[in-house]
Amino acid sequence: MKTTTCSLLIIISLLQLMIPVNTEETLDSIIKKLKEALSDGGNHPSTVTHTLSCTSVKASGNLASCSAGMIATGCSCGFACGSWNIQNENVCHCLCPIIDWTLARCCQLS
């Protein structure tokens, strides 16, 4: 039974390899669709301009908070601690037992 099943799978695989595929036509159609999408996107210029402003806040201990309206995008901890998390989107919390400082990278999109 195993031999028959394996033989059947091999034959099906070989038949799939024998089916002709025109990769040039497929690639050309993908490139054409991509060009159309890019040119269509250029007809509608964005009227909204955003500015990203970031700053670093350093604090003693294992917590560093961003000011109002800013969110923490990353943290850094003293004593080479690489374990941290962000609480309430604006507080960096270092998780190692001994931490002398914590730094929060705070950003705002305006």
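These figures come from a predicted structure and were not determined experimentally.
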* Structure fact -> Besides Ile86, the hydrophobic cluster formed by Ile, Leu, Val, Met, Phe, Trp and Tyr side chains linked at under 4.5 Å, directly or via other members, contains Trp84

* Structure fact -> Residues joined to Leu95 in its hydrophobic cluster, side chain to side chain under 4.5 Å directly or through other members, sorted by chain and number, are none

* List in chain and number order the residues that pass side chain to side chain donor-acceptor pair (under 3.5 Å) with Gln87, two or more places apart in sequence or in another chain; answer none if no residue qualifies. => His93

* Would you please name every residue forming a side chain to side chain donor-acceptor pair (under 3.5 Å) with Ser83, sequence neighbours left out? => none

* To do: Report yes or no: is the SG-SG distance between Cys81 and Cys94 under 2.5 Å?
  => no

* Structure fact -> Tightest non-hydrogen contact, residues Cys92 and Gly74, listed as SG-O, 3.3 Å

Atom pairs and distances, side-chain donor-acceptor, residues 60-71, under 3.5 Å, sequence neighbours left out:
none

* Should Cys54 and Cys107 be marked as a disulfide bond (SG atoms under 2.5 Å apart) after you check the CA-CA gap, both sets of side-chain angles, and the distance that decides it? -> CA-CA 4 Å; Cys54 298; Cys107 296; 2.0 Å; yes

* **side-chain hydrogen bond (donor to acceptor under 3.5 Å, both in side chains) pairs, two or more places apart, involving residues 99-110** => Ser56-Arg105

* Around atom CD1 of Ile98, are there more than 12 heavy atoms of other residues, nucleotides or ligands at under 6.0 Å? -> no

